[in-house]
Amino acid sequence: MSTRTRRPPATHNWRFATAPGGLPLIGHAVRMGRRPLEFLTSLPAHGDLVELRLGSNRAYLPCHPDLVHEVLLNARVYDTGGPVKDKARPILGNGLITSDWTDHRRQRRMVQPAFHPARLPTYAEVMRDECAAESRAWQAGRPFDVGNAMQALTARVTARALFSTDIADRAVAEIQRSLPVIVHGAYRQAMDPTGLLAKLPIAANRRFDEALTRLRRLIHRIVEDYRTAATDRGDLLSALLTAQDPETGARLDDQEIHDQVMTLLLAGIETTASALAWSFHLLGRNPAAETALHAELDEVLDGRTPAYADIPRLDYTQRVFTESLRLYPPAWLFTRTTVETTELAGRELPPGSDILISPYVLHHTPALFTDPESFDPDRWLPERAKDVTRGSYLPFGAGSRKCIGDVFGMTEATLAVAAIASRWRLRPVPDTTIRPRPHMSLSSGPLLMVPEPR
Ligand code: HEM
């Protein structure tokens, strides 16, 4: 999607502000904890870079796309870090998301080939089969939780793209059982400023530890099986096992492979599922967009199951998903931490400063998107998209840590929306209010909808 390049003027008069409403000791922690979306989206009105206090920590929210880019494109100075990443490390180990700058570059070189465009058609076969199976399984007229269904679908797709052997079925069952417990537990721990919650002998912690142990065991067993068989199966895990660092010739060891698999499961399943659920929610409330989508699907597919080769012609389908990612970006907030003294927006930041990057804030800023609350897939038509300010649409991040699964996720979502919407119309259940839940990803919570055959 083309975007207009906008360079900041050499001497930009950046506005710096302190977020209003901070309380003694806790600062903005309560507002951030209770209604983070409302709080964060109120901040660009105060400045281009806004300082907030979360307990005794200071954090900075860049609200201008040029400042966000400055942070994301300078990964050495603005490294991964902060309290959320610290708490993710015991779960994810040392994989792409948790590794620091020096090691990240090596890891990315090793994992990138698994996402090479040449491998996508093979992954897309899994996506096509699973999306078609999902859309066949529904029963007309019976309300069901679309969020859960999308979660199950993306878990099956990701597991079968990772592991193409018979083990996939067992893996899917375990992933579906364990992953929600792990994601929920990780979120609770990330939000706990004391760090004590994880140590309490309570049932929730026990369930979390057990789920993590089960998933780890499963991954270890699968990696062992693959090593013994020593065959390239064309799946993601085979790609990781055969990956060789072009600079040193080294390969990933078993622990590194384990950590990358865990990272891919945690990064790839919930994100895509949340965005898909939002797409159906938005279509259910925007009949004109739904009609336009159906017209495209009828013309391009003519009743066929959508496949990889159809994607270039599914323009409107892709615009629907692109716009859903704008309104409800699953990665609504992520962080960086400065490793040395640096300057942002003319402000000196000491080492250890936490930077909050919020695609949600950018995507809802009226100065960046006309009528930002409206669902308008056609804002992504090429002739309109070219006016979108560079760096203001960031559902997959940017720079060297940009989502490695962006094309995978877009392909999966396009095929899922096409497969489902070519068979079904999903109707909202009357008198239900759906609000975004800013947890690990920006989910819709339970999303009951009623499938009607088309
Ligand atoms: C619509 C779906 C998705 C969204 C919105 C999304 C969003 C993101 C974002 C914003 C980041 C950057 C975070 C940061 O800079 O700290 C990221 C990183 C990542 N994503 Fe995704 N993602 C999606 C799907 C996927 C899929 C399907 C996979 C894998 C199968 C995946 C794997 C990863 C990994 C491994 C990283 C870390 C990359 C690195 O640091 O080098 N994501 N994702």
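All values reported here derive from a predicted model rather than from experimental measurement. Each ligand, and each atom within it, is numbered from 1 in the order the structure gives. Along the sequence shown, residues are numbered consecutively beginning with 1.
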Which protein non-hydrogen atom lies closest to [atom], naming both residue and atom, and how far is it?
atom: atom 2 (C) of ligand 1; value: Thr272 OG1, 3.5 Å
atom: atom 28 (C) of ligand 1; value: Gly268 CA, 3.5 Å
atom: atom 12 (C) of ligand 1; value: Arg401 O, 3.5 Å
atom: atom 37 (C) of ligand 1; value: Ile97 CG1, 3.5 Å
atom: atom 24 (C) of ligand 1; value: Thr271 OG1, 3.6 Å
atom: atom 15 (O) of ligand 1; value: Arg336 NH2, 2.7 Å
atom: atom 38 (C) of ligand 1; value: Arg108 NH1, 3.5 Å
atom: atom 20 (N) of ligand 1; value: Cys403 SG, 3.2 Å

With backbone taken as N, CA, C and O and side chain as the heavy atoms from C-beta onward, which portion of [X] lies under 4.0 Å from ligand 1: side chain, backbone, both, or neither?
X: Met410; result: neither
X: Phe396; result: both
X: Ala267; result: both
X: Pro395; result: backbone

If you draw a 6.0 Å radius around [atom1] in [X], do more than 12 non-hydrogen atoms from other residues or ligands fall strictly inside?
X: Arg384; atom1: CZ; answer: yes
X: Asp371; atom1: CG; answer: yes
X: Arg35; atom1: CZ; answer: no

Please confirm whether [X] approaches ligand 1 to less than 4.0 Å, judged on its heavy atoms.
X: Gln107; value: no
X: His104; value: yes
X: Thr158; value: no

Is [X] salt-bridged to [Y], going by a charged N under 4.0 Å from an acidic O?
X: Asp103; Y: Arg106; value: yes
X: Glu224; Y: Arg227; value: no
X: Glu323; Y: Arg326; value: yes
X: Arg31; Y: Glu38; value: no
X: Arg379; Y: Asp387; value: no

Show the atoms of ligand 1 that are less than 4.0 angstrom away from any heavy atom in [X].
X: Phe408; result: 27 (C)
X: Pro330; result: 5 (C)
X: Leu264; result: 29 (C), 35 (C)
X: Ala331; result: 10 (C)
X: Gly397; result: 10 (C)
X: Ile404; result: 34 (C), 35 (C)

Exercise. How long is the gap from OG1 on Thr41 to OH on Tyr360, to the nearest 0.5 Å?
Worked result: 6.0 Å

Exercise. Which distance, rounded to the nearest 0.5 Å, do you find between the CG of Leu236 and the OG of Ser164?
Worked result: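 It comes to 10.0 Å.
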
For this session: Please find out if less than 6.0 Å separates the ring center of Phe369 from that of His364.
Result: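 That pair fails the under 6.0 Å test.
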
Exercise. Quick one: are the ring centres of His104 and Trp101 less than 6.0 Å apart?
Worked result: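 No; Trp101 has its ring centre 6.0 Å or more from that of His104.
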
For this session: Give the ring-plane orientation class for His281 versus Trp278, where under 30° counts as parallel, over 60° as perpendicular and anything between as tilted.
Result: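 The arrangement is perpendicular - the two ring planes meet at more than 60°.
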
